[in-house]
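To keep things clear, I will list the structure first and then write my remarks on it.
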There are 2 protein chains.
Amino acid sequence: MAAMATLAESSQASPLAQRLIDAAIDQFAEAGFAGASTRQIARASGTNMSSITYHFGSKEGLYLACADYIAEQIGAVHQPLHEHIRRNPPADAEAARTYLLALLENFARFMLAPHSQRLSQFVAREQQRPTEAFERIYARVMAPVLDTALGLVAIVRPSLDERARRVLVMNCIGMALVLRIARACVSRVMQVEDIDSATAEALVAGLRRSALTLLSEGPNP
Amino acid sequence: MAAMATLAESSQASPLAQRLIDAAIDQFAEAGFAGASTRQIARASGTNMSSITYHFGSKEGLYLACADYIAEQIGAVHQPLHEHIRRNPPADAEAARTYLLALLENFARFMLAPHSQRLSQFVAREQQRPTEAFERIYARVMAPVLDTALGLVAIVRPSLDERARRVLVMNCIGMALVLRIARACVSRVMQVEDIDSATAEALVAGLRRSALTLLSEGPNP
DNA sequence: GTCTATACTACGATAGAC
DNA sequence: GTCTATCGTAGTATAGAC
């Protein structure tokens, strides 16, 4: 059984274990837990099936190690900005709004980046039917960012009650999430085969404009 | 091979074929194409797996029949309103905005409804890695509604250029889609175990408010 | 039309050589 | 630590009885 999941969490996984995780994320993202096969994962990693047993105990152990690795990857995307916000609390609503837009743009650009596909697919599956893997990812990266965002929205839109602010946060997340999760629809609506960089910029610009509108205390009835 | 996919499309499938499709959507939604097993689908339908060969030719034939059925179901949700809009074109921007909000609320309520889970999961998988099944669903239900929505947005926000209007449509769709696709996040952010009807109403109300804001020609910089 | 029986392939897990 | 070999189970597809 070796050191198991702790290895993956501390990003000190052996080269082979890391290769297995990489290949496993591809397979799990594409085919789901049941559909992925340990044989194929091992083959793609240039090793054999027994290595999975050795390093992760079982197919499920490998799956959880993937979740930890993904949490680490997504965390790395948000951590610098998130940390900066925590160390430099917004002085006023204007600053808070700027922070929120930056958080959202950060997230949207990640959703648009090619390398987020396999990570997002993995997480998307977990969203539909959460397992232990979702708990780990949520606790590690989603909860902290959501907390920060909620705090900022409270400053930016003080006239909204708590629940309405929570809904507003989900509205904004949805606008970014759709870029990855409904990618096939997005590219069709944007009338492109694949989302090129010009289209991506238009999407980010539009998202910023929409988010700015929603996060401004306008003359809302 | 029998009549194959045409049966499913015309919703005149035999009772057994319909039971197979129902059970198959559950299995495909939960485990994906590879993960689902024809044995289990047949068992859940109270028959044996040779019936699948007979009615649909193969596992893939069954999968496509599920896609057709799903397109039919989702189409039924939108068709009455969609048809009404086509027959009664909006007289002014105000009417167009009312239509758009109604379309969006319609969609959001569907995303929140329990029975949309298996259908959405099936479609979500296809969005990530589209196959022939996605083409069928897109052509049948998504394309018409998107066309209508784009036409309405052109009336409602004439100052935006074509591409910005397309982005805006995706923004709005994202706000509704997230209710189902990131359900695990939504329930945590809304601080409920499951999304009860009161929470659902708050989500719909917030979505309407946000969409109304985005669809108004405000003092946007 | 629906069933049983079966051919063939692939799965995850484990034992044991090195 | 990584390998080969193997066990028991489950997968799809097909042939043929009724």
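Residue numbering restarts at 1 for every chain, and letters A, B, ... go by the order of the sequence lines. Since the model is a prediction, treat every value here as computed from it, not as a measurement.
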Using chain A heavy atoms and a threshold of under 4.0 Å, write down where along DNA chain D the contacts begin and end, 5' to 3'.
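Taking any atom under 4.0 Å from a heavy atom of chain A, the span is D/dG1 to D/dT6.
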Rounded distance in Å - [atom1] ([X]) to [atom2] ([N]):
| X | N | atom1 | atom2 | answer |
| --- | --- | --- | --- | --- |
| A/Lys59 | C/dA13 | NZ | P | 8 Å |
| A/Phe33 | C/dC11 | CZ | P | 14 Å |
| A/Glu60 | C/dA13 | CD | C1' | 14 Å |

Considering only heavy atoms, which members of residues 36-52 of chain B lie under 4.0 Å from some atom of DNA chain C?
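DNA chain C contact set from residues 36-52 of chain B: B/Thr47, B/Asn48, B/Ser50, B/Ser51.
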Could you check whether any side-chain heavy atom of A/Met111 comes within less than 4.5 Å of a side-chain heavy atom of A/Arg183, counting everything from C-beta outward?
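Heavy-atom side-chain distance check fails, nothing below 4.5 Å.
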A/Leu103 CG to A/Thr98 OG1 distance, which is reported to the nearest 0.5 Å:
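Here the interatomic distance stands at 11.5 Å.
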Hydrogens and angles aside, do A/Thr131 and A/Glu126 bring a side-chain donor and acceptor to less than 3.5 Å of each other?
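Short answer, yes.
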Using the six-membered ring wherever Trp is involved, compare the ring planes of B/His78 and B/Phe107 and label them parallel, tilted or perpendicular (cut-offs 30° and 60°).
tilted
Between A/Glu83 and A/Arg86 (salt bridge meaning N to carboxylate O under 4.0 Å), is one present in this structure?
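The answer is no: the pair does not qualify as a salt bridge.
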Would you call A/Glu135 and B/Arg188 a salt bridge, using N to O less than 4.0 angstrom?
yes
Could you point out which residue of B/Arg136, B/Arg140, B/Gln73 forms a side chain to side chain donor-acceptor pair (under 3.5 Å) with B/Asp68?
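Only match with B/Asp68 under side chain to side chain donor-acceptor pair (under 3.5 Å): B/Arg136.
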CD of B/Glu60: more than 12 outside heavy atoms within 6.0 angstrom?
no
